[in-house]
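Here's the structure, in structure tokens; my notes come after.
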Protein chains: 2
Amino acid sequence: MLPMKSRYALKALVFLARHQADGPIPVAGIAAAEAIPVKFLEAILLELRNSGILTSRRGPTGGYQLRVAPQTVHLGDVIRNLSGPMAPLPCLSKSAYHRCGECVDETTCAVRLLMADVHAATLRIVDGTTLAALVARVDAAASGEAEGQSQRCRPQEGPPSAKLDFID
Amino acid sequence: MLPMKSRYALKALVFLARHQADGPIPVAGIAAAEAIPVKFLEAILLELRNSGILTSRRGPTGGYQLRVAPQTVHLGDVIRNLSGPMAPLPCLSKSAYHRCGECVDETTCAVRLLMADVHAATLRIVDGTTLAALVARVDAAASGEAEGQSQRCRPQEGPPSAKLDFID
DNA sequence: TAAAATCCTACCGTAATGGTAGGAATTAGG
DNA sequence: CCTAATTCCTACCATTACGGTAGGATTTTA
Ligand code: FES
Ligand code: FES
């Protein structure tokens with residue numbers, strides 16, 4: 001499960017990307033628009049600022065603003081900054097690697113072989129998607145409500161396995 | 001993070017797939033071979049049996065055994081049975097779906113649009129891989145230690161993004 | 001009948017999650 | 001210079017999930 005912290009952050013960032021022109025936006029405004037607990041969002045945006053993605057200004061007319069262009073914000077970095085590494089195994093994280101005590105040989109570990117693929121696929125998506133791209137996809141989804149499969153959502157047809165559509 | 005429960009389960013299943021011919025194998029044997037806490041593994045194998053993947057026999061000469069062919073065991077089902085649905089968002093799980101209270105419109109939710117891709121990619125891997133295939137990959141990794149990229153591990157080259165190799 | 005195994009229930013310490021409370025520091029406008 | 005709006009910072013807290021452990025009941029073979 002993607003933690004609330006990251007979900008709220010993504011929503012806030014999309015919102016900020018949309019209102020880039022409107023100058024700094026106060027936490028309360030974003031929280032109201034996106035139905036996020038104010039004090040919690042406050043803490044989140046602060047972290048986002050400390051990690052360099054946002055700028056802030058205090059006092060009246062203050063608020064938060066994107067520091068960099070949405071095209072340069074990789075969503076994976078956002079998630080990582082707030083919720084830590086997302087590797088499904090300690091031995092698969094580059095930033096927080098540590099050995100799996102129980103595994104004798106890392107190169108022939110079945111669990112690792114399987115999850116390495118999962119992790120790679122995840123990274124390709126979250127790090128390959130920028131904030132700008134995400135905003136674009138939301139727009140596409142909002143307008144093209146009736147069309148078939150927009151953009152990259154196509155299942156990428158592998159061997160058709162009957163059950164795959166009915167579980168999780 | 002993939003829970004220990006699932007990691008242990010996968011290891012045990014690979015072990016059992018290897019020793020299919022040797023008749024029922026006691027928990028203690030697997031636990032020793034794979035460095036898994038005995039009582040914990042006991043509970044895991046019991047669950048695996050109750051979900052139909054394993055057979056058990058009690059008393060001396062008893063133990064656990066695969067009930068079905070390794071080719072028919074989808075790894076995704078194993079993980080789900082032990083650790084619940086793996087959808088990164090409640091609104092993405094088919095088996096345990098429930099609305100994300102805070103999100104107004106599900107079809108234009110940015111978080112959902114992003115994570116749907118992640119989830120789909122994950123499912124394609126874990127449900128597309130059988131126990132037999134995993135055993136085969138372990139064997140391949142064990143023998144072909146020096147060769148380049150065995151089987152499906154290839155990065156599937158998308159747009160080369162310099163940083164992707166240095167994080168998580 | 002003794003030993004080896006599965007089966008079952010209950011418990012338990014630790015850490016992460018998803019917040020809340022309260023206030024200090026900064027800044028704009030009057 | 002005063003007030004109100006805002007960010008900033010620290011501390012706390014309730015609930016849950018995780019990773020097991022303990023102890024024994026039941027079944028089966030030899
Ligand atoms: S799970 Fe990390 S090495 Fe086996
Ligand atoms: S995250 Fe589920 S609908 Fe927005």
Side-chain angles (χ1 to χ4, degrees), chain A residues 1-12 16 22-32 34-51 53-65 67 79 82-86 88-90 96 100-102 111, chain B residues 1-12 16 22-32 34-51 53-65 67 79 82-86 88-90 96 100-102 111:
Chain A
M1 281 280 190
L2 189 72
M4 286 298 178
K5 220 177 181 180
S6 294
R7 297 188 213 175
Y8 291 154
L10 290 176
K11 290 190 158 209
L16 285 173
D22 309 2
I25 301 185
V27 175
I30 309 175
E34 299 288 342
I36 301 172
V38 187
K39 291 295 279 184
F40 196 18
L41 182 57
E42 198 180 294
I44 294 169
L45 294 186
L46 196 50
E47 280 190 68
L48 245 23
R49 184 208 86 139
N50 290 337
S51 74
I53 298 178
L54 297 181
T55 300
S56 62
R57 225 177 56 198
R58 303 216 256 196
T61 80
Y64 285 95
Q65 211 173 356
R67 182 192 209 97
I79 297 175
L82 290 170
S83 310
M86 41 195 156
L89 296 173
C100 305
E102 69 275 13
V111 184
Chain B
M1 279 281 189
L2 188 72
M4 285 298 176
K5 221 175 181 182
S6 294
R7 296 188 215 176
Y8 291 155
L10 290 175
K11 291 190 159 209
L16 284 173
D22 308 3
I25 300 185
V27 175
I30 309 175
E34 300 289 342
I36 302 172
V38 188
K39 291 296 279 184
F40 197 18
L41 182 59
E42 198 179 295
I44 294 171
L45 294 187
L46 197 48
E47 280 190 68
L48 244 25
R49 184 209 84 140
N50 290 337
S51 74
I53 298 177
L54 296 182
T55 300
S56 63
R57 225 175 58 196
R58 303 217 255 196
T61 79
Y64 285 94
Q65 211 173 354
R67 182 192 208 99
I79 297 175
L82 291 170
S83 311
M86 40 195 155
L89 296 174
C100 306
E102 69 275 11
V111 184

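Every chain is numbered from 1 and lettered A, B, ... according to where its sequence line falls, protein lines coming before strand lines. Just so you know, these numbers use all the heavy atoms, side chains as well, and skip hydrogens, waters and symmetry mates.
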Residues passing the salt bridge (Lys or Arg N to Asp or Glu O under 4.0 Å) test with A:Glu34, sequence neighbours excluded, are none
Rounding to 0.5 Å, atoms CZ (A:Arg67) and OG1 (A:Thr55) come to a distance of 4.5 Å
From CZ of A:Arg7 over to C1' of C:dG19, roughly how many Å is that when rounded to an integer?
14 Å
In whole angstrom, give the distance that lies between atom CD1 of B:Ile44 and atom P of C:dC8.
16 Å
Short heteroatom pairs, N/O only, protein and nucleotides 11-14 of chain C, under 3.5 Å:
none

From CG of B:Leu2 over to C1' of D:dA17, roughly how many Å is that when rounded to an integer?
15 Å
Compare side-chain N and O positions of A:Ser56 against OP1 and OP2 of D:dT6 and report whether any pair is under 4.0 Å apart.
no
Nearest heavy-atom pair of A:Glu102 and B:Ala35: which atoms, and what distance?
CB-O, 3.8 Å
Expressed in angstrom and rounded to an integer, what is the separation of A:Leu46 atom CG from C:dG19 atom P?
18 Å
Residues in salt bridge (Lys or Arg N to Asp or Glu O under 4.0 Å) with A:Lys5, at least two apart?
A:Glu47
C:dC8 P sits how many Å from B:Leu48 CG, rounded?
15 Å
State which residues pass side chain to side chain contact (heavy atoms under 4.5 Å, CB included) with A:Ala96; sequence neighbours excluded, sorted by chain then number.
A:Pro85, A:Ser93
Could you state the interatomic distance from CD1 (A:Ile30) to CG (A:Leu16), rounded to the nearest 0.5 Å?
4.0 Å
Whole-Å distance, A:Leu54 CG to D:dT6 P, equals 17 Å
Residues A:Arg7 and B:Pro88: closest non-hydrogen pair is NH2-O, 4.2 Å
B/S/- along nucleotides 20-30 of chain D (protein heavy atoms under 4.0 Å) is SSBBB-BBBB-
For the helix from C:dT1-D:dA30 to C:dG30-D:dC1, what angle separates the axis at the start from the axis at the finish, each from five pairs, in steps of 10°?
10°
Shortest non-hydrogen contact between A:Val27 and A:Tyr64, atoms and distance
CG2-CE1, 3.5 Å
Looking only at C:dG18, C:dC7, D:dT6, the nucleotide nearest the A:Pro3 side chain is C:dG18
Could you give the CZ-to-P distance, from A:Arg49 to D:dT6, as a whole number of Å?
17 Å
Please report the distance, rounded to the nearest Å, between CG in A:Asn50 and P in D:dC9.
6 Å
Nearest heavy-atom approach of A:Ala31 to A:Leu41 is N-CD2, 3.6 Å
How close do B:Gly23 and B:Gln65 get, heavy atom to heavy atom, and via which atoms?
CA-NE2, 3.8 Å
Between B:Lys11 and A:Val111, is any pair of side-chain heavy atoms under 4.5 Å apart?
yes
